[in-house]
Each structure stands twice: as structure tokens, then as C-alpha cells.
Amino acid sequence: MRPAVAVGLVFAGCCSNVIFLELLVRKHPGCGNIVTFAQFLFIAVEGFLFEANLGRKPPTIPIRYYAIMVTMFFTVSVVNNYALNLNIAMPLHMIFRSGSLIANMILGIIILKKRYSIFKYTSIALVSVGIFICTFMSAKQVTSQTSSGEKDGFQAFAWWLLGIGALTFALLMSARMGIFQETLYKQFGKHSKEALFYNHALPLPGFIFLASDIYDHAVLFNKSEPYQVPVVGVTVPILWFYLLMNVITQYVCIRGVFILTTECASLTVTLVVTLRKFLSLIFSILYFQNPFTRWHWLGTCFVFVGTLMYTEVWDKLRAARSQPCKDRKD
């Protein structure tokens, strides 16, 4: 049941987390650092109290391996959040990150010498085409929103290209981290709670370099309109409430992902996260009325169909449908 529970945590936590993140980003696009810091701090404190037993419980996996994993995890988190400040819209951000399935397969072939069936290669090709369509159409939107030849237009497109580069780097780094985790758990056993704690506690000193940006956004959050929290009845600036909910839902999300990494292969984990991103994408488009053309929808369909092909969902449905017939014959 652990994988099923983990999948439920991923879908419930991650989908709701994206809602609160977009509410924050729409108000202040550059607030990624304070969001990341709050998430890391919350999970680190919770892990220090309940997993590390106030520092008295030694880690099962040597710290030197966690240091490598933490470097990758911290880099991916910061780069992904900062990309939102580089002319990258939230729907494109979610679609592009769905390419983790491709990155994971490529690195799996190169590093782990894995081989896949033609059917799986075809499904990954569909995902790649879908992401290319969405990325290309978003690039056209960026250039059309600004006058050609103007300095501001060129700068907007340059920032967008930098954002795409940042997302690509984070994509490959995230896939490499997943493979590293998979090999680590095979060597030392499955310790999802311990990994969750150390992956968030060890990077905290790195936020010193982002302290000024975090402080500036804390001041901006304090100036947001007041909001009365339901049930509790306490009034707080609304952006702090959004941040609190983002942190809580992120904890639920990341807890589910880390449980999945101990129970399933890295490519399966990537697949679950990809499907979750598409649910978040659809909600983002409908609820927040983000611009989404027919080409974007076509690209989304390619990604979604490719993901379903990879899981061989149709074969499984046929097998499930034929099972009752076999039971009746018996």
C-alpha cells in the first residue's frame, strides 16, 4: 500500500501546492527564493524533531553521499523557482519540467546502460514533440508581445532564452539526482524520511547568499492586504497565508515523492510526477485563465498520450477487462 499512499500524497500535495505558488508568483514573480527557503526550513525543523531525534540519531547513509545529493537538490530547487523570474509563464514552466521523463531515460541509458522497448522510445518521442511545440509557441508569444526591433523586445526574448536554459539545466540535474538516489538506496537500503530531512537541512546555510532577496520579499509580503484565516480567525497578510499553505502542501508533496523513490524505480517516480504536473497545468489554465492556444493544447495532448503509452495503460486495461471472463470460466 505504500506506493499507493505515496501517489495519493503526490497528487494531493503537489497539485494544491502549485495553486498557492501561482498565487504568490502572480503578485511577486521574483519571490522564488523566499518560497524555497520557507519550504526547506519547515521540512528541516520537522525532520530534526521527529526523524533525527534532536540530532541524537546518526544517519544510516553516510553524510558524504547526502552532501552530493543535497548539492543537486538545492540547485534544482533554486534554479526552477528562479526561472519564473525570467519571462517563463507558469504553464510553460510545468510543461517544460514534464520533460524530466526524457532526461531520466537519456541519463539512464548513458549512466546505467539501460535499454527500453521500441514502444517506450516512441512514447518518449511523443513527449519530446509535445514539449517542443509548447516551447516554440511560447517563444512566439514572447516575441509578439513586444515590438520587433525594440530594445525592450530583445531583452524580453533574451531573458526568456535564459529561462529556457535554466529549466533545461534543472531538468538534467533533477534526472541525475533521481538516478543517484536509486543507486544509493540499492546500496544502503530505503530511508525516505532520513533522506527528506538531510536534503532540506544541509542546504540551509546556502540561503545566506540569498538573504537580501529573501528579506526584501518578506517586507513586500508584510505590505500585502490582510486576510482572516478560516476556522482559526487570525488575521495575517494574505501573501504570508499563501506562503504557509504552499509550505504545508509542499511538505505533503515532497514526502510522497521521497516515499516513491524508496519503493519504485526513478523512471516510475518521474512518470507519476509528470502526470501530476499535467493535472496542475489543466487547473492553472482553467482557474487562472492563463493564455493557452490550440497549439499548446496539441502539445499537451502529445505529452499526455506519450505518458500513457509509456505506462502501457491500454494493455493493463485490456488485461483487467479480460480477467473477470477467465474467472467465470474457472
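Computed from a prediction, not measured in an experiment: that's the story for all the values here.
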Answer yes or no: is there a side-chain heavy-atom contact under 4.5 Å between [X] and [Y]?
X      : Y      : result
Phe37  : Leu210 : no
Val129 : Ile133 : yes
Leu239 : His28  : yes
Ile109 : Arg115 : yes
Ile254 : Ile43  : yes
Arg255 : Lys193 : yes
Tyr198 : Met69  : no

Inset, instruction - Taking atom CZ of Phe302 as the centre, report whether more than 12 heavy atoms of other residues, nucleotides or ligands fall under 6.0 Å from it. - result: no
Legend entry - Within 6.0 angstrom of Trp295 CH2, more than 12 heavy atoms from elsewhere: no
Find the distance between [atom1] ([X]) and [atom2] ([Y]) and round it off to the nearest 0.5 Å.
X      : Y      : atom1 : atom2 : result
Met177 : Asn104 : CE    : CG    : 10.5 Å
Glu51  : Glu194 : CD    : CD    : 6.0 Å
Leu21  : Cys31  : CG    : SG    : 7.0 Å
Ile63  : Leu202 : CD1   : CG    : 5.5 Å
Leu172 : Ile106 : CG    : CD1   : 7.5 Å
Trp160 : Ile164 : CH2   : CD1   : 4.0 Å

Following the transitive rule for hydrophobic clusters with a side-chain heavy-atom cut-off under 4.5 Å over Ile, Leu, Val, Met, Phe, Trp and Tyr, establish whether [X] and [Y] coincide in one cluster.
X      : Y      : result
Leu244 : Val25  : no
Leu24  : Ile248 : no
Val229 : Leu243 : yes
Met245 : Val234 : yes
Leu204 : Leu54  : yes

Any idea which heavy atoms bring [X] and [Y] closest together, and the distance?
X      : Y      : answer
Val10  : Cys253 : CG2-O, 4.1 Å
Val70  : Pro203 : CG1-CG, 3.2 Å
Arg176 : Leu107 : N-CD1, 3.6 Å
Gly256 : Leu9   : CA-CB, 3.9 Å
Pro205 : Ala201 : CD-O, 4.1 Å
Gly30  : Asp213 : O-OD2, 4.0 Å

Would a line drawn from the ring center of [X] to the ring center of [Y] be shorter than 6.0 Å?
X      : Y      : answer
Phe73  : Phe180 : no
Phe207 : Phe74  : yes
His200 : Phe42  : no

Inset, instruction - Could you please spell out the steps behind the side chain to side chain contact (heavy atoms under 4.5 Å, CB included) verdict for Ile61 and Leu184? - result: CA-CA 8 Å; Ile61 299 175; Leu184 209 58; 4.0 Å; yes
What is the ring orientation for [X] with [Y], classed by angle as parallel under 30°, tilted 30 to 60°, or perpendicular over 60°?
X      : Y      : result
Tyr121 : Tyr116 : perpendicular
Phe48  : Phe197 : tilted
Phe221 : Trp240 : perpendicular
Tyr65  : Phe188 : tilted

Does the [X] side chain pair with the main chain of [Y], one donor and one acceptor, at a distance under 3.5 Å?
X      : Y      : value
Gln39  : Gln250 : no
Asn80  : Val76  : yes
His217 : Asn33  : no
Thr75  : Thr71  : yes
Thr183 : Ile179 : yes

